[in-house]
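Here's the structure, in structure tokens; my notes come after.
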Amino acid sequence: MSAADTHIPAKVPPPRQAPPPPPDNRRPRGQRAPGGAAVPWLLLAPCLLILALVMGYPLARLVTLSFQKFGQSQLWGFQPAESVGFDNFAKVLGDGEFWAVVVRTIVFAGGAVVLTMVIGMALALLLQRVSGWLKVLINIVLVASWGMPVIVATTVFKWLFDTDYGVFNALLSKLPGIDMVGHNWFASGPEGLAVIMLLVVWGAVPFVVITLGAGLTQVPKELEEAARLDGAGSWGVFRYVTLPVLKPIIVMLTTLSVIWDMGVFPQVFVMRGGHPEPEFQVLNTYSYDRAFVVNDYAQGSAIALITVLLLLGVVAVYMRQMLKIGEVE
């Protein structure tokens with residue numbers, strides 16, 4: 001046998017097989033992980049529990065009282081509360097004074113909201129054009145005025161518009177042809193409500209200015225420069241660039257302002273010494289007056305519940321606007 005016959009051929013290793021692909025654990029788009037729907041509710045549970053404890057019982061009690069006959073006799077336990085159905089609502093809605101209060105409240109809140117948004121937007125735009133240290137100083141003043149207690153602010157405004165010692169009357173009297181010495185701003189409802197409206201606006205403007213100022217920092221400078229290159233002036237840039245970017249913030253601030261201004265109570269109550277005259281009544285003070293002055297707690301609750309329903313209508317409009325903005329984006 002030759003050497004060639006004794007040669008052992010080398011073994012060829014088997015071809016390496018590619019490892020199997022890892023299992024695809026990705027879920028189809030739109031399909032949530034098991035238990036994923038419960039996570040948001042678990043995170044919201046503490047807040048919802050607190051809201052239920054703080055607001056749930058008072059709101060339920062308000063609804064119950066509005067369908068009952070409940071006065072001082074029922075309050076002290078001399079007589080049981082009687083269910084009267086919708087009688088309280090019928091009396092309230094059939095009262096001409098109530099509708100006068102509703103109109104007065106809407107006009108008051110509308111004027112306060114318009115002034116707040118216009119002045120707030122103007123100040124926010126001006127703050128973008130001042131130096132850094134002045135901007136910081138103005139923001140400090142705004143935060144300080146915003147944090148001032150309502151009772152203190154109301155007392156200051158009572159002094160400013162006082163009949164005998166008011167600073168505002170003295171300043172106006174220095175203008176040629178104007179004599180406001182001894183003028184009583186609260187002798188008529190419209191003038192007195194105008195003063196209270198200024199007080200409400202003064203307290204609300206700082207929040208609007210700070211919020212809009214933060215929103216203005218998010219307006220792309222490239223869009224503003226492009227608009228100016230296309231020939232747009234300051235008004236054009238504001239209308240076609242700034243306003244669309246700020247629209248969600250403006251809608252939110254307007255809605256909050258409507259809710260706050262329709263719920264005005266301490267400014268009117270304190271400004272009129274705890275006894276607002278009929279021409280100064282707004283919905284909250286009117287509800288308080290019916291409940292704690294006339295001692296008809298059921299009718300006061302019915303007025304408060306109607307006010308809540310009006311504010312829920314405002315919230316519904318806000319949610320609809322925000323959904324429209326989300327669809328456009």
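Below, each value reflects all heavy atoms present in this structure, side chains not excepted, and no hydrogens, waters or symmetry copies.
Residues passing the salt bridge (Lys or Arg N to Asp or Glu O under 4.0 Å) test with R272, sequence neighbours excluded: E277. In this structure E222 satisfies the salt bridge (Lys or Arg N to Asp or Glu O under 4.0 Å) test with no other residue, sequence neighbours excluded. Residues satisfying the side-chain hydrogen bond (donor to acceptor under 3.5 Å, both in side chains) test with S131, not counting sequence neighbours, are W133.
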Subject >> side chain to side chain contact (heavy atoms under 4.5 Å, CB included) between F98 and L283, intermediate numbers included >> reply: CA-CA 8 Å; F98 168 76; L283 277 172; 3.9 Å; yes
**OP:** Take Y288 and F269, measure what ring pair (Phe, Tyr, Trp, His ring centres under 6.0 Å) needs, and give me the verdict at the end.
**Re:** CA-CA 10 Å; Y288 175 88; F269 190 79; 5.3 Å; yes
Subject >> Derivation and outcome, side chain to side chain contact (heavy atoms under 4.5 Å, CB included), residues I138 and L127 >> reply: CA-CA 8 Å; I138 295 176; L127 282 178; 3.6 Å; yes
**OP:** Verify side chain to side chain donor-acceptor pair (under 3.5 Å) between W185 and D162, making sure each step is shown before the conclusion.
**Re:** CA-CA 8 Å; W185 289 91; D162 186 76; over 6 Å; no
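Considering CG of L199 and CZ of F161, their distance stands at 9.5 Å, rounded to 0.5 Å. In this structure, L134 CG and N139 CG are separated by 9.5 Å, a value rounded to the nearest 0.5 Å. Atom-to-atom distance recorded for Q267:CD and I196:CD1 is 8.5 Å, nearest 0.5 angstrom. For the atom pair F265 CZ and T285 OG1, the distance stands at 7.0 Å (nearest 0.5 Å). To the nearest 0.5 Å, the span separating CD on Q218 from CG on L216 amounts to 10.0 Å. The distance from the CG atom of L246 to the CE atom of M252 is 10.5 Å, given to the nearest 0.5 Å.
Hydrophobic side-chain contacts under 4.5 Å tie L48 into a cluster, directly or through other members, with W41, L44. Summarising the hydrophobic clusters (Ile, Leu, Val, Met, Phe, Trp, Tyr; side-chain heavy atoms under 4.5 Å, direct or chained), the residues clustered with M55 are I50, L51, V54. Membership of an apolar cluster is not assigned to Y240, as no side-chain contact below 4.5 Å to another ILVMFWY residue is traced. Applying the under-4.5 Å side-chain rule to Ile, Leu, Val, Met, Phe, Trp and Tyr, the cluster around V293 consists of that residue alone.
Within the 4.5 Å cutoff, side-chain heavy atoms of F186 are placed close to those of M271. Side-chain contact between R290 and N295 is absent, with no heavy-atom pair separated by less than 4.5 Å. V200 has its side chain within reach of F108: a pair of non-hydrogen atoms, C-beta onward, lies under 4.5 Å apart. Residues L212 and L253 form a side-chain contact, since some pair of their non-hydrogen atoms from C-beta on lies under 4.5 Å apart. Between V251 and K247 there is a side-chain heavy-atom pair separated by less than 4.5 Å.
F280 and L198 end up in the same hydrophobic cluster when Ile, Leu, Val, Met, Phe, Trp and Tyr side chains are linked at under 4.5 Å. No single ILVMFWY cluster, assembled from side-chain heavy atoms under 4.5 Å apart, contains both L229 and V241. In terms of hydrophobic clustering, with Ile, Leu, Val, Met, Phe, Trp and Tyr side chains grouped at heavy-atom distances under 4.5 Å, L310 and M319 are assigned to a common cluster. In the hydrophobic clustering of this structure, W260 groups with V258; members are Ile, Leu, Val, Met, Phe, Trp, Tyr whose side-chain heavy atoms approach within less than 4.5 Å, directly or through other members.
Contact record, S301 with L65: OG-CB, 3.4 Å, taken as the closest heavy-atom pair. Taking both residues in full, the closest heavy atoms of A112 and V201 are given as O-CG2, 3.6 Å, listed atom of the first, atom of the second, then distance. Taking every heavy atom of both residues into account, P220 and V245 meet most closely at CD-CG2, 4.4 Å. Smallest separation of non-hydrogen atoms from R239 and P244: O-CD, 3.4 Å. Summarising the geometry of V195 relative to F157, their closest heavy-atom pair is O-CD2, 4.3 Å, with the distance given to 0.1 Å. Here the shortest heavy-atom pairing between M262 and A109 reads CG-CB, 3.6 Å.
Identified under the side chain to side chain donor-acceptor pair (under 3.5 Å) test for residues 105-116, with sequence neighbours left out: none. Listed by first and then second residue, the side chain to side chain donor-acceptor pair (under 3.5 Å) pairs involving residues 62-72 amount to none (not counting sequence neighbours). For the side chain to side chain donor-acceptor pair (under 3.5 Å) condition, the pairs that include at least one residue of residues 188-216, sequence neighbours left out, are H183-E191.
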Using residues 143-156 as the side-chain source, report each donor-acceptor pair under 3.5 Å to any protein atom, sequence neighbours left out, with the distance given to one decimal.
{"from": "S145", "atom 1": "OG", "to": "V141", "atom 2": "O", "distance (Å)": "3.2"}
{"from": "S145", "atom 1": "OG", "to": "L142", "atom 2": "O", "distance (Å)": "2.8"}
{"from": "T154", "atom 1": "OG1", "to": "V150", "atom 2": "O", "distance (Å)": "2.7"}
{"from": "T155", "atom 1": "OG1", "to": "I151", "atom 2": "O", "distance (Å)": "2.8"}

Could you tabulate the donor-acceptor pairs under 3.5 Å formed by side-chain atoms of residues 89-97, not counting sequence neighbours?
{"from": "D95", "atom 1": "OD1", "to": "E97", "atom 2": "N", "distance (Å)": "3.2"}
{"from": "D95", "atom 1": "OD2", "to": "Y286", "atom 2": "OH", "distance (Å)": "3.2"}

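Between the side chain of Q299 and the main chain of A291, no donor-acceptor pair closer than 3.5 Å is present.
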